[in-house]
Amino acid sequence: MKIVIVGGVAGGMSTAARLRRLDEAAEIVVLERSGHVSFANCGLPYHLSGTIADRDDLLLQTPEGLRARFDLDVRVRHEVTAIDREARTVTIVDLATGRESVETWDHLVLSPGAAPFVPDVPGKERGHTLRNIEDLDGLVAALDGTPGGPVRSAVVVGAGFIGLEAAENLRERGLDVTVVELADQVMAPLDAEMALRVADELTAHGVALELGTSLSAVGEHAVTLADGRQVDADLVLFAVGVRPDTTLARGTGLAIGPRGGIAVDEQQRTSDPRIFALGDVAEKTDAVDGGAALVPLANLANRHGRRVADVIAGRPARSGVTQSTAIVKVFGLTAAMSGWSEKRARAAGVPVGVVHTHAASHAGYYPGAQAMALKVVYRESDGRLLGVQAIGHEGVDKRVDVIATAMRAGMAVEALADLELAYAPPFGSAKDPVNVVGYVAENRRSGLDDALQWHEVAAAVGGGASVLDVRTSEEHEAGHLPGALHVPLDDLRSRLAALPAGDLVVYCGVGQRAHVAARLLRQHGRRVRNLDGGWQTWSTSPAGRAVGVLV
Ligand code: FAD
């Protein structure tokens, strides 16, 4: 059996190595267009700052090493230019010599990845992209000094994961960095009130943000924005997303899915059952609604490589769904997410409940505890977990991973209350932030509490509700919701009769004291809703920013 694999990085090399472990007799050929295989794409941004000082640390394997360990025939700088499905061949060009050759196959595996999208603006050829080692070398050469003079400023176009990682590392290198983003927030998968925390971290570290605008031209030392303003840019990096590289698949008539990636079944087979596709080029199945999804993440490329090898070797295997679980470091912050955001669920017309909490990363009495903003989205009808977002410092990764696992298990949000998680003061809390989300949700879903979101306050007030702040005087004076009545929680019982008639929206710092207040008020016959996530969420939301609140 002869297997030809196109693309020798995440998906392709995972397939090749697993296949060899399963089948010592198979002939395995890996064809890679760039000069390197098995390099660490995910580490590329960190060489820009010198955090990963030695570029060669990003090169995880060589063709010689792969030949020795796995008996793989790995050819770098070999591009596959065509597939003949009838003859079961691929046409290959040796990029060093220009020589063309043909290779036969019994199974063909396509893992060519995705190509960075470059907007069609004048001067775009001056911009860089960051996808492989060659791109990195080009960027580093430009940063080290160009004929045009020293590089002092950079514009990163796109505020997604790669854009923000690049922005941070260019800033760490000492450049003046501006991020230009078409959307009105950074990190599009996050909800707005979560993304603002990331934006704050960027600006606090001197990265300028130009949101809600695009680039109209790239000049030699500046870019022009859509409104005509110029921004200094000795260097421009395009990080506006990637497109599945479907050139070969389209050329040979393989089915393309609704999102523009190669359509595959749950065994990663394309419309030609002898041809497999995986990684960034292939469409995935969304865990929430079962729809087609493009999710260019390394876990999926590696995991699906394992599955493709299993299927080729005759083992039962299925790829499963994707939750798009992702994480990024932005200076001192960690932002992580899995599943659907609130805005995505609402746009899809799925009625959802939402819990925001701001629990400490570990026991408050043990040094170094810091609050993490945690947001969980669940299906209103049955509580099924749909998504999680977390922004904070230590322990963000752990909480998102735990909730992502609960999502995969199909758990309901209130079941988080009963998870038994590792605890000692340096690591967590006897009421872990994950448990706290479960407690809050359990109270809401069992009817003990009722909540509203930051974006629902204006409508509630417009409908006649009064806003009640139950925090301390110091907290109230430092900033409060417009028009809020102030009654500290400990005075509430004695001032019940003085409260205005009608519906109440009650809030505190994060929602806990407001819950105590709401329980008291409800038992006195009042209709009351607790502002989810309290002041901590509202003040960092677009609603809070609109009235000029500073956190
Ligand atoms: P790739 O790993 O890109 O490999 C495809 C290879 O195919 C390429 O090397 C290409 O040269 C080759 N190829 C294409 N066409 C041909 C052809 N015709 N003939 C021969 N060879 C061909 N994911 C995360 O989950 N976490 C992260 O932190 C993260 N950070 C990232 C940072 C950067 C800068 C980048 C670029 C990506 C990052 N990713 C991250 C995404 C992750 O690297 C990709 O999802 C993953 O590499 C996809 O694997 P793949 O096999 O589909 O494609």
Side-chain angles (χ1 to χ4, degrees), residues 4-16 29-48 52 58 60 74-83 90-95 103 108-116 128-136 139 156 158 160-169 237-239 241-252 261-262 264 268 276-284 294-305 308 322-330 334-338 397:
V4 169
I5 300 174
V6 183
V9 192
M13 209 45 86
S14 299
T15 307
V29 180
V30 181
L31 301 163
E32 168 55 48
R33 179 169 58 196
S34 77
H36 304 88
V37 284
S38 270
F39 59 87
N41 338 38
C42 308
L44 298 178
Y46 300 98
H47 183 56
L48 297 175
I52 297 175
L58 297 165
L60 307 178
V74 178
R75 304 177 207 163
V76 294
R77 296 192 41 75
H78 279 66
E79 179 171 13
V80 175
T81 53
I83 299 167
V90 287
T91 306
I92 306 162
V93 174
D94 178 340
L95 298 175
E103 198 73 51
L108 179 64
V109 178
L110 301 179
S111 193
H128 294 256
T129 55
L130 183 55
R131 180 78 199 176
N132 54 30
I133 297 289
E134 285 79 358
D135 292 343
L136 180 68
L139 264 167
V156 176
F161 294 82
I162 295 174
L164 295 191
E165 286 177 351
E168 172 183 340
N169 282 282
L237 176 66
F238 289 112
V242 294
R243 300 246 167 106
D245 189 346
T246 52
T247 323
L248 286 172
R250 287 178 195 271
T252 194
I262 301 178
V264 292
Q268 301 297 133
F276 296 79
L278 74 156
D280 292 358
V281 81
E283 292 196 350
K284 323 280 187 295
L294 287 177
V295 186
L297 290 171
N299 167 287
L300 291 162
N302 283 277
R303 186 172 114 203
H304 291 169
V308 168
T322 174
Q323 296 165 236
S324 309
T325 306
I327 189 164
V328 64
K329 167 183 164 334
V330 182
T334 305
M337 70 218 68
S338 184
D397 50 347

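All values derive from a computational prediction rather than experimental measurement. All ligand and atom numbering here is 1-based and tracks the order in the structure.
With sequence neighbours excluded, the residues forming a salt bridge (Lys or Arg N to Asp or Glu O under 4.0 Å) with Glu103 are Lys2, Arg75, listed by chain and number.
Between the Lys329 side chain and the Ala335 main chain, no donor and acceptor come within less than 3.5 Å of each other. When atom types are taken as modelled, the side chain of Glu32 and the backbone of Gly7 share no donor-acceptor pair closer than 3.5 angstrom.
Shortest contact from atom 4 (O) of ligand 1 to any protein heavy atom: Val9 CB, 3.4 Å. Ranking protein heavy atoms by distance to atom 6 (C) of ligand 1, first place goes to Glu32 OE1, 3.4 Å. Nearest non-hydrogen protein atom to atom 46 (C) of ligand 1 is Ala10 CB, 3.8 Å. Protein heavy atom nearest atom 1 (P) of ligand 1, with residue, atom name and distance: Arg131 NH2, 3.8 Å. Shortest contact from atom 39 (N) of ligand 1 to any protein heavy atom: Cys42 SG, 3.7 Å. Residue, atom and distance of the protein heavy atom nearest to atom 18 (N) of ligand 1 are Val80 O, 2.9 Å. Ranking protein heavy atoms by distance to atom 36 (C) of ligand 1, first place goes to Leu130 O, 3.4 Å. Atom 32 (C) of ligand 1 has as its closest protein heavy atom Asn41 O, 3.4 Å.
Taking a 4.0 Å cut-off on heavy atoms, His78 registers as neighbouring ligand 1.
Looking at Ile327 against ligand 1, nothing comes within 4.0 Å, counting heavy atoms. At a heavy-atom cutoff of 4.0 Å, ligand 1 is contacted by both the backbone and the side chain of Asp280. Under 4.0 Å from ligand 1, the heavy atoms of Ala301 that appear belong solely to its side chain.
Among Arg33, Met13, Glu134, the residue whose heavy atom sits closest to atom 22 (C) of ligand 1 is Arg33. When Asp135, Val6, Ile5 are ranked by how near their heavy atoms come to atom 17 (C) of ligand 1, first place goes to Val6.
Side-chain atoms of Leu58 and Leu136, non-hydrogen and from C-beta on, do get closer than 4.5 Å to each other. In this structure, Val264 and Phe276 have side chains that are not in contact, with every pair of non-hydrogen atoms separated by 4.5 Å or more. Residues Thr325 and Asn299 form no side-chain contact, since every pair of their non-hydrogen atoms from C-beta on lies 4.5 Å or further apart.
Ion pair Asp280/Arg131 flagged as a salt bridge, since at least one NZ, NE, NH1 or NH2 atom sits closer than 4.0 Å to an Asp/Glu carboxylate oxygen.
Taking a 6.0 Å sphere around CZ of Arg243, one finds it holds 12 or fewer heavy atoms contributed by other residues, nucleotides or ligands.
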